[in-house]
2 protein chains.
Amino acid sequence: MNIGDVSQLTGLPAKTIRYYEDIGLIKPLRDDNGYRRFRNQDVHKLNFLGRARALGFTIEDCRTLLALYEDETRASADVKRIARQHLGQIEAKITDLNAMRDTLSHLIEACAGDDRPDCPILQDLGGKP
Amino acid sequence: MNIGDVSQLTGLPAKTIRYYEDIGLIKPLRDDNGYRRFRNQDVHKLNFLGRARALGFTIEDCRTLLALYEDETRASADVKRIARQHLGQIEAKITDLNAMRDTLSHLIEACAGDDRPDCPILQDLGGKP
DNA sequence: ATGGGGCTTCCAGTGACGGGAAGGTCAAGG
DNA sequence: CCTTGACCTTCCCGTCACTGGAAGCCCCAT
């Protein structure tokens, strides 16, 4: 399989697949013409990576998770620890964003949004003295 | 005022303040020795920028908001439009993160987290066939 | 005069790719 | 046989909003 087929199959852009090879996440073979040749295991790994990335894991987390995935003697505790840590970061980000959303939506509600210059949003940003 | 004082006052790193000058958000004066000399209006702008950035506005949004802030003849509708657009992006991100959190927390709950290799998290990432 | 802190500029790196150029390869159609 | 067009390759730069670090000037206190 060439990179285009794999891109179709996995939904990952060819650029991303090449990048994943660059950083050593996958190691497809090469044809005589220099084209990458992907085996089923490569496609499988790429699907794994796509799902892990969709859950927001960093590339380095993905590297570790993939290694654990391939390691038959892993301890599920190692996986769980990574996932919990990531979950914590997600929750922290959600908290931040919720705070931003609340502040912003209040300000937006208070703003007339007409052609006059008076604006609670700018007042707030300016330090509303 | 030198950059260190302003950094203290605004809570922004000196590096960030220099960066904001680089990209034209502020224009502090210069002393004869080449040091930046900040006026009150510069500090005020930096505080504005700090608050806008804390609400997650991009630098380009900040540039526009700052221009509106300084424009006595602005229409509050312009400000509100930017804020609403940003709010939409925040809400979209929250939705994404909530989905990730839900998926992740279910998987984490299902994972024993001991020294055995069986792991629903990896099963899911692997495509749980 | 020496030491230490503060200031300056400039260069490079971050994460996870995306855009685009320059050029090789392959199958089909004229 | 030639050309066209779709693929593929590598390489380099750009993204966003900074951050780190090096090399060097400036100023004040001891």
Side-chain angles (χ1 to χ4, degrees), chain A residues 1-38 42-43 45-46 48-66 82 85-86 89-90 93 96-97 100, chain B residues 1-38 42-43 45-46 48-66 85-86 89-90 92-93 96-97 100:
Chain A
M1 254 186 300
N2 284 345
I3 201 168
D5 310 315
V6 178
S7 175
Q8 284 284 98
L9 272 177
T10 61
L12 297 172
K15 278 268 185 187
T16 299
I17 298 173
R18 291 195 195 98
Y19 173 66
Y20 287 171
E21 185 191 12
D22 266 6
I23 62 175
L25 287 178
I26 52 168
K27 304 199 197 325
L29 306 176
R30 293 291 181 141
D31 282 339
D32 290 343
N33 57 15
Y35 286 20
R36 289 167 182 83
R37 186 156 57 80
F38 294 85
D42 298 317
V43 177
K45 276 195 195 186
L46 286 169
F48 183 100
L49 290 169
R51 275 186 285 264
R53 292 286 301 131
L55 283 179
F57 284 104
T58 65
I59 289 285
E60 285 318 302
D61 278 348
C62 288
R63 193 189 301 278
T64 309
L65 290 172
L66 201 49
I82 295 173
Q85 200 169 346
H86 179 46
Q89 288 168 6
I90 287 178
K93 194 159 255 178
D96 283 359
L97 288 174
M100 289 184 199
Chain B
M1 254 188 302
N2 284 345
I3 200 168
D5 311 314
V6 177
S7 175
Q8 284 285 96
L9 272 177
T10 61
L12 297 171
K15 279 268 185 187
T16 299
I17 298 173
R18 290 194 195 99
Y19 173 66
Y20 287 172
E21 185 192 12
D22 267 5
I23 62 174
L25 286 177
I26 53 167
K27 303 197 199 324
L29 305 176
R30 294 290 180 142
D31 281 340
D32 290 343
N33 59 12
Y35 285 20
R36 289 168 182 81
R37 185 159 56 80
F38 294 85
D42 298 317
V43 178
K45 277 195 195 184
L46 286 169
F48 183 100
L49 290 169
R51 276 186 284 264
R53 291 287 300 131
L55 284 177
F57 285 104
T58 67
I59 289 285
E60 285 318 303
D61 277 348
C62 288
R63 193 190 300 279
T64 309
L65 289 171
L66 201 50
Q85 200 169 347
H86 179 45
Q89 288 168 7
I90 287 178
K93 194 159 256 175
D96 283 359
L97 288 173
M100 289 183 199

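Hydrogens, waters and symmetry mates play no part in the numbers below; they use all other heavy atoms, side chains included. Residue numbers start from 1 in every chain, and the chains themselves are labelled A, B, ... in the order their sequence lines are given, proteins ahead of strands. As the structure is a prediction and not an experimental result, all values here were calculated from the model.
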Whole Å only: how far is the CZ atom of A/Arg37 from the P atom of D/dC8? 15 Å
Which dot-bracket notation, 5' to 3', represents the base pairing of DNA chain D when pairs are defined as Watson-Crick or G-U with both distances under 3.5 Å, crossing pairs as [ ], and inter-strand pairs as |? ||||||||||||||||||||||||||||||
What nucleic acid atoms does B/Ile3 come within less than 4.0 Å of, heavy atoms only: base, sugar-phosphate, or nothing? sugar-phosphate
Letter by letter from the 5' end, nucleotides 13-24 of chain D scores (B base, S sugar-phosphate only, - none; protein heavy atoms under 4.0 Å) ----BBSBB---
Just by modelled atom types, is the B/Ile23 backbone N or O under 3.5 Å from a matching donor or acceptor in the B/Arg63 side chain? yes
More than 12 heavy atoms from other groups under 6.0 Å of CD on A/Gln89: yes
Reading DNA chain C in the 5' to 3' direction, which nucleotide is the first one with an atom under 4.0 Å from a heavy atom of chain B, and which is the last? C/dG6 to C/dC10
Contact under 4.0 Å: A/Arg18 side-chain N or O vs D/dT9 OP1/OP2: yes
Those residues at least two apart in sequence (or on a different chain) that pass side chain to side chain contact (heavy atoms under 4.5 Å, CB included) with A/Thr10 are A/Val6, A/Leu12, A/Ile17, A/Val43, A/Leu46, A/Asn47
Side chain of A/Arg53, backbone of A/Phe57: donor and acceptor closer than 3.5 Å? yes
Could you tell me whether the side chain of A/Asn33 and the main chain of A/Tyr35 form a donor-acceptor pair under 3.5 Å? yes
The test is side-chain contact (heavy atoms from CB on, under 4.5 Å); show your working for A/Met1 and A/Leu9 and say whether it passes. CA-CA 10 Å; A/Met1 254 186 300; A/Leu9 272 177; 3.5 Å; yes
Closest non-hydrogen contact found for A/Ser7 with A/Ala14 is OG-N, 3.8 Å
For B/Arg51, side-chain hydrogen bond (donor to acceptor under 3.5 Å, both in side chains) partners two or more places apart: none
Would you check if the side chain of B/His86 reaches a backbone N or O of B/Asp61 as a donor-acceptor pair within less than 3.5 Å? no
Select base, sugar-phosphate, or nothing to describe what A/Arg30 touches, counting heavy atoms under 4.0 Å on all strands. sugar-phosphate
On a heavy-atom basis, which atom in A/Ile59 and which in A/Tyr20 lie closest, and how many Å separate them? CD1-CE2, 3.5 Å
Distance in angstrom units between A/Phe38 CZ and D/dC7 P, rounded: 16 Å
Integer-rounded Å distance: D/dC7 P and A/Met1 CE: 16 Å
With sequence neighbours left out, the residues meeting side-chain hydrogen bond (donor to acceptor under 3.5 Å, both in side chains) with A/Arg36 are A/Glu21
